[in-house]
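Atoms within each ligand, like the ligands themselves, are counted from 1 in listed order.
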Amino acid sequence: VKVDSNTYVLELFHGPTCAFKDFGARFMARVMSYFNRNESTPLHILVATSGDTGSAVGSAFHNVPGLDVTILYPEGKVSKLQEKQLSTFDGNVRALKIKGTFDDCQKLVKTAFTDTELRGKLRLSSANSINISRLLPQSFYYMFSSLYVKNNEAKNNGIHNPEIIMVVPSGNFGNLTSGLIAKEMGAPISGFVAATNSNRTIPDWIATGKYEARPSVETYANAMDLGAPSNYERIAAMYSLDQVKEMFGSYWLDDEGIMASIKDCFEKTGYTIDPHGAVGWKAWSDIKNGELKALTEGKKNDFTKPGLTPNVPSWASAVTEKKNAIGVILETAHPAKFGSIVAEATGKDPE
Ligand SMILES: *Cc1c(COP(=O)(O)O)cnc(C)c1O
């Protein structure tokens, strides 16, 4: 969806649970079922969720032969709609409510995988984005959307050789890593904006060079409430920190900023964006409205405040001089999934 002269929104929420995770989860379920077809015992999937993964995985694996799913979610920290979506399956899918945070849930899952006694009794696997089969299908929508923009932009808007920047609201960084895979496969993507909420482990790493996992904090964009992103290891294995700084603009936003961004996007474009996509909207708006230019002119941003981290990505001149940058904001959830927050920001219940 084109929302202004140099911004597209890539709506990834048209699957059954209204979040982009349906892409990865549904592909993964069928692939796992296929490769388990000759086994005599079920494969047990353990999955930790901060809200959206549980429902996407539950829906994807429900009634798929040979698979058994246990979802762990933090009590009181997912929205009512999310809880209904993830806890009302029967048959091969069950949900356990944990007193703790998402990180506690993820730690239980990771501990189970390293427990040799348990692994002797049960065949275990993961459905979190540490599993590569979630990332591979996601790389296709980067390929499709970047080619679409590349091939249509000149015709629609007179930008002849657009440089495409994918703006990715991120938590575990599985989605963004899928974009890196697409870029390595040849997708015409010039760079990325790694956008997080107040859980700013990755922006801090890019700003300081030190990676420090930490406990997660709750935000309005709860599917990104992660203090120890699982795909950090993948990104750090694929690229040096200097390469990351060249490829990524990096940005974080607090809850107040998320509310203001939902409102701003709605007022400027008429588009209703969810709290996760709103982090991307604000990041891209700031980049276009002079914040990136200020960095190129030597401004030193304070990375402990919401905004861009101080690194200048290699594609900066496409925004500041050549004016041929097109942003594609990945809209990872339907706004109605976070209806009360969106209604408070815009004054209108989302459809
Ligand atoms: C999971 C999720 C994210 C974060 O995706 P990662 O791959 O974990 O970075 C962002 N937005 C929504 C709505 C999500 O469900």
Which of the numbered atoms in ligand 1 are below 4.0 angstrom from a heavy atom of [X]?
X    : answer
S170 : 9 (O)
G174 : 6 (P), 7 (O), 9 (O)
F173 : 6 (P), 8 (O), 9 (O)
K21  : 1 (C), 2 (C), 3 (C), 14 (C), 15 (O)
A333 : 13 (C)

Cut-off 3.5 Å, side chains only: do [X] and [Y] have a donor facing an acceptor?
X    : Y    : answer
S50  : D225 : no
T7   : K288 : yes
Y251 : N301 : no

May I ask you to check if ligand 1 and [X] share an N or O to N or O distance below 3.5 Å?
X    : answer
D274 : no
P169 : no
N172 : yes
D52  : yes
H276 : no
A19  : no
L226 : no

Kindly indicate whether the side chain of [X], heavy atoms from C-beta on, has any atom under 4.5 Å from the side chain of [Y].
X    : Y    : value
R134 : N172 : no
T201 : R214 : yes
K293 : K299 : no

Any cation-pi pair here, R30 with F27, using under 6.0 Å and within 45°?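 No; the conditions do not both hold, so R30 does not lie above the ring face of F27.
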Can you tell me if D103 uses its side chain to pair, donor with acceptor, with the backbone of L226 under 3.5 Å? no
Using 30° and 60° as the class limits, which term best fits the ring planes of F89 and H62: parallel, tilted or perpendicular?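 F89 and H62: tilted rings.
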Do me a favour and list the nearest non-hydrogen protein atom to [atom] with residue, atom name and distance?
atom                    : result
atom 7 (O) of ligand 1  : N175 N, 2.8 Å
atom 5 (O) of ligand 1  : F20 CZ, 3.5 Å
atom 12 (C) of ligand 1 : T332 OG1, 3.2 Å
atom 4 (C) of ligand 1  : G171 N, 3.6 Å

Pairing of D104 and K77 as salt bridge, 4.0 angstrom limit: no
Hey, is F13 one of the residues with a heavy atom under 4.0 angstrom from ligand 1? no
Where do Y141 and N175 land on the side chain to side chain donor-acceptor pair (under 3.5 Å) test, with the steps shown first? CA-CA 10 Å; Y141 53 68; N175 201 4; 2.7 Å; yes
Specify side chain, backbone, both or neither for K337, according to which of its non-hydrogen atoms lie closer than 4.0 Å to ligand 1.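 Within the 4.0 Å criterion, K337 makes no contact with ligand 1.
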